[in-house]
Amino acid sequence: MAKNKKKKNSFSTRAVRNGTKRSFFGEHSEAIYQTSSFVFDTAEEAAQKFSGDQEGLIYSRFTNPNTEMFEERLASLEGAEAGCATSTGMGAIMLTCMTFLKSGDRILATPSLFGATIQLFETMLKKFNIGVDYARLTDIADWERKLKKNTKLIFLESPSNPLNEIADLKKISAIASNAGIISIVDNCLCTPALQNPLKFGIDLSLHSATKFIDGQGRSLGGVIAGNKKLIDELKKTMRFCGFSLSPFNCWLLFKSLETLSIRMNQHSQSSEKIAEWLSVDKRVSSVYYPGLKCHPQYELAMSQQKSGGALISFELNHPTSNSALTRAWRIIDNMTLFSRTGNLGDTRSTVTHPATTTHAKVDAKTKKLAGITNGLIRLSIGLEDYSDLISDLDEAMDS
Ligand SMILES: Cc1ncc(COP(=O)(O)O)c(C=O)c1O
């Protein structure tokens with residue numbers, strides 16, 4: 001009865017109520033189980049728990065109440081059966097690759113990905129004889145064309161970081177399911193508050209929880225949500241590969257989910273105002289924000305996402321000219337309110353120059369394919385008053 005009721009609850013109720021486990025002390029705010037292992041009353045109990053004949057907590061690399069609470073709450077928000085927490089977002093990506101790929105397999109991805117993800121595919125996976133093919137994120141025919149007999153995984157971001165390109169999740173998930181392979185969406189920029197990829201047939205929704213899920217720049221973390229069968233596979237790898245998230249970070253991220261929806265709505269509202277302001281500014285040639293009506297995939301974005309999210313990228317006039325890098329750096333250096341940092345998804349707005357930071361190690365050809373120019377500036381809009389942020393941008397660009 002209680003379980004059925006939980007299922008019917010809306011997002012904001014699930015965000016504060018699901019996943020809670022209470023100890024015998026009856027604490028209201030959930031406890032932190034900062035322990036590396038759990039004790040057994042008898043040697044026989046230990047043997048039974050290790051063999052899997054008896055359920056129970058063993059060792060925090062693969063069983064901890066804080067991890068379970070975070071995974072359960074996150075899964076409920078993604079509309080998934082189960083979740084698997086990892087030490088970082090990159091850990092989540094590596095865990096899925098190690099679990100579902102073997103030597104000789106290929107992954108079908110897109111150049112419109114976070115720089116470190118491309119690095120992982122191009123260096124680490126290739127070392128293990130796993131090939132990578134790239135399809136244009138927005139071109140369905142290209143995804144179909146690039147699929148090979150030994151492709152085992154489709155991996156993409158939507159919206160993509162930093163250009164906010166949008167993939168048609170329904171069509172791409174259909175390509176994957178027709179081929180009998182797994183589709184994964186890095187849902188980092190939207191979080192489950194704005195988009196649930198599983199609703200469109202995607203198999204796994206993956207996050208760098210370091211970003212908006214924590215939302216306050218305090219903790220690294222990653223998480224993957226999907227059906228129980230796939231998540232159980234991931235957990236088997238986790239048990240001996242150890243990409244585990246610490247109990248304290250699980251607790252922190254679990255509590256952060258309580259305010260996720262409120263934060264994402266506020267981030268989005270301010271971002272819309274700032275993107276609109278940038279879109280009519282003469283010093284700017286392009287604005288990449290899916291909540292703008294002039295975004296080439298506005299309709300698709302709004303059919304998949306609740307709003308545009310908090311990431312805005314924009315290009316200065318003549319973004320590939322020789323002076324673009326100096327001009328972009330000068331603007332960034334003259335900002336006083338935005339923090340100059342590689343992170344995004346914080347209460348405080350951040351500014352980044354992707355070409356020389358997040359995508360610095362990506363080779364020139366892939367960078368060009370991904371559309372990363374020297375004149376591109378990425379903003380992650382925080383919870384400050386949007387008019388203060390516009391003033392800061394305006395003054396920095398005037399310089
Ligand atoms: C879209 C995306 N995916 C994955 C990651 C990696 O996450 P983490 O830094 O938690 O490893 C990032 C980090 O910026 C990201 O932006």
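Computed from a predicted model, the values in this text were never measured in an experiment. Just follow the structure's listing: the first ligand is 1, and inside any ligand the first atom is 1.
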Taking atom types as modelled, is there a side-chain donor on [X] or [Y] under 3.5 Å from an acceptor on the other?
| X | Y | value |
| --- | --- | --- |
| Thr138 | Glu165 | no |
| Thr20 | Glu30 | yes |
| Arg218 | Ser256 | yes |
| Arg348 | Thr341 | no |

- Note on the structure: The protein heavy atom nearest to atom 7 (O) of ligand 1 is Ser208 OG, 3.0 Å
Ligand-residue contact atoms, ligand 1 with [X], heavy atoms, under 4.0 Å:
| X | answer |
| --- | --- |
| Asp186 | 1 (C), 2 (C), 3 (N), 4 (C) |
| Gly221 | 10 (O) |
| Lys211 | 7 (O), 9 (O), 12 (C), 13 (C), 14 (O) |
| Thr210 | 8 (P), 10 (O) |

Do any N/O atoms on [X] end up under 3.5 angstrom from N/O atoms on ligand 1?
| X | value |
| --- | --- |
| Gly89 | yes |
| Glu157 | no |
| Met90 | yes |

- Check each of Asn161, Leu344, Ile213, Leu206 against atom 16 (O) of ligand 1 and report the one with the nearest heavy atom.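 Of the listed residues, Asn161 has the closest heavy atom.
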- Is the shortest side-chain N to carboxylate O distance from Lys49 to Glu45 below 4.0 Å?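 Salt bridge between Lys49 and Glu45, a charged N being under 4.0 Å from a carboxylate O: yes.
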- Item | Minimum side-chain heavy-atom gap Phe40-Ile58 below 4.5 Å | yes
- Message: Looking at Met302, I'd like to know if its CE atom is crowded, meaning that more than 12 non-hydrogen atoms belonging to other residues, nucleotides or ligands lie closer than 6.0 Å.
- Response: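 Yes, CE of Met302 has more than 12 neighbouring heavy atoms, counting only those of other groups under 6.0 Å.
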